[in-house]
Amino acid sequence: MVSRYLAGVLLVSLFASAAPTEEIKVYRTLSTEQLESLLKAATIKFQKLEDKKSDSIFYDYKVKSFNLRLYFLGGKQLLLDTLFPAMSLDKINQWNLGTKFTRAALGDDGKGGSFTAVESRLNLKGGVTEEAIKEYLGAFTEELDQFQVFAKAGGEPPALTKDETTFTEVTAKQLEKILDDLKVKYEKAELDNGGTTYQYQAKDAKITLLNWGKDMMLEAHYPKLDLAKVNKYNLDRKFIRAVSYSNKKGDYSALEANLSFVGGVSDSIVRNFITAFEEDAREFGAYVAKAKE
Amino acid sequence: MGHGMARLATLIGLVCLLVTTASRAQETIYTNVTSERLEAILKELNITYKKAPGKKDGVYSYDFERKGFKVRMYNYSGEDLWLESYFAEKATLEAVNKWNTRAKFSRAVLVKDASTASISLEAQVDCTLGITAGMIRHFVQRFDDELETFSKYLTK
């Protein structure tokens, strides 16, 4: 989408009249007036405080449930931070290993208590636009949402966001690369309706992957279960669909899962979907085996 | 090559770029969908919802109407999203299984309590596998189509 937008902009520029283009202002330093103007434009209601150092000024404001402090460091850097309850150094390290934009640190309040500070710094030295500053402010809040979830999670920290190339259609070539990367040995066949199938043996099940370009399906076949047992499986599970069939292929029950690409998927999303289904297939196989006892 | 031809050649090149890059983008992949993110998407879709806490911490439900159908969406601690709508007609295992033989993006489940039986038409997405904002939007919008098709299926 970014490339398409960029190409569109270039097209318009090519055929536009020779009107002068608008200059984008780049800041290498900021005055407090400029920063305050930017905060007001972002509808941020702040309280301005001054530190003992003459060129350190704080802007305290609230976004969602977070109390943020924006440090104006001599006009050359901005620092955002907020405080959370103290957490273990291990957990803080887990956050820092996974994050790209913020960092967490254990702090001492000087009164015998501790806290976790989450912060992010923006250096203006290389030049930043107004848009970049707005993005910095917004992105910090987004990471705080993630940190809040992470702070509450009991076990493994939730994985953080990442940027990837996404696509709304998956070609046979793309899918085959994903299967090759997963070391899946498949047998490929073309469908009459234009799709492609890939049959492969996972650890505990024979799986068929059907790719129609805009969506895909995974299925595994098992001895046929009665409808009550199939329904119970669906009642107790998520993300899959257990179905019983009587057709030209015979009588069987199938476990199915579908992924649409239309909303935009990445290689990792497709890969994770394929991997997760193997576990689903294993569990359904165990359920069928037990039901047949 | 004259100026006009050079312009035309550049235009053709840019159109080719548009076509080849049409389906690709650089996007953020989330593995947890916060309430804030989900609610922002519901607002983008002009969905007016009633939010309520679920039985467990971190679970929230969103009740709204789509094309005349009552829909409930669950966000299970940001890890998975669930859409459901209930139907009282033809609440049999056969009707449910027949729908499931042809469904792609939903499933029907027979739900029984002591006195009644109904069909839950539902769809879930596992956010921990990775999800984009576009996928969430499409997940909600596509369920509208499933609802309409399922309703017609039940009346046949």
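Keep in mind that this is a model prediction, so the values were computed, not measured.
Within residues 126-135 of chain B, the residues that have a heavy atom under 4.5 Å from a heavy atom of chain A are D126(B), L129(B), G130(B), I131(B), T132(B), G134(B), M135(B), listed by number. Contacts with chain B (heavy atom to heavy atom, under 4.5 Å) involve these residues of residues 214-223 of chain A, listed by number: D215(A). Along residues 78-92 of chain B, the residues that come nearer than 4.5 angstrom to chain A, judged on non-hydrogen atoms, are D80(B), W82(B) in order of number. Contact residues of residues 49-74 of chain B toward chain A are absent (heavy-atom distance under 4.5 Å).
Distance check: Y153(B) OH to L121(B) CG gives 11.0 Å after rounding to the nearest 0.5 Å.
Only the backbone of S106(B) comes within less than 4.5 Å of a heavy atom of chain A; no side-chain atom from C-beta onward does. The part of V96(B) that comes within reach of chain A is its side chain, from C-beta onward, which places non-hydrogen atoms under 4.5 angstrom from that chain.
A side-chain donor from one of E164(A) and S268(A) sits under 3.5 Å from a side-chain acceptor of the other.
For the options V243(A), L235(A), N247(A), heavy-atom pairs under 4.5 Å to chain B are most numerous at V243(A). When each of F261(A), F239(A), F273(A) is scored by its heavy-atom pairs under 4.5 Å with chain B, the top score falls to F239(A).
Closest of all the heavy-atom pairs between A242(A) and V230(A) is O-CG1, 3.1 Å.
You'll find the ring centres of Y233(A) and F284(A) inside the 6.0 Å limit.
For the pair R142(B) and F105(B), the cation sits on the ring face: its NZ or CZ lies under 6.0 Å from the ring centre, inside 45° of the axis.
Salt-bridge formation is detected for the pair E279(A)/R282(A): a Lys NZ or Arg NE/NH1/NH2 atom is positioned less than 4.0 Å from an Asp or Glu carboxylate oxygen.
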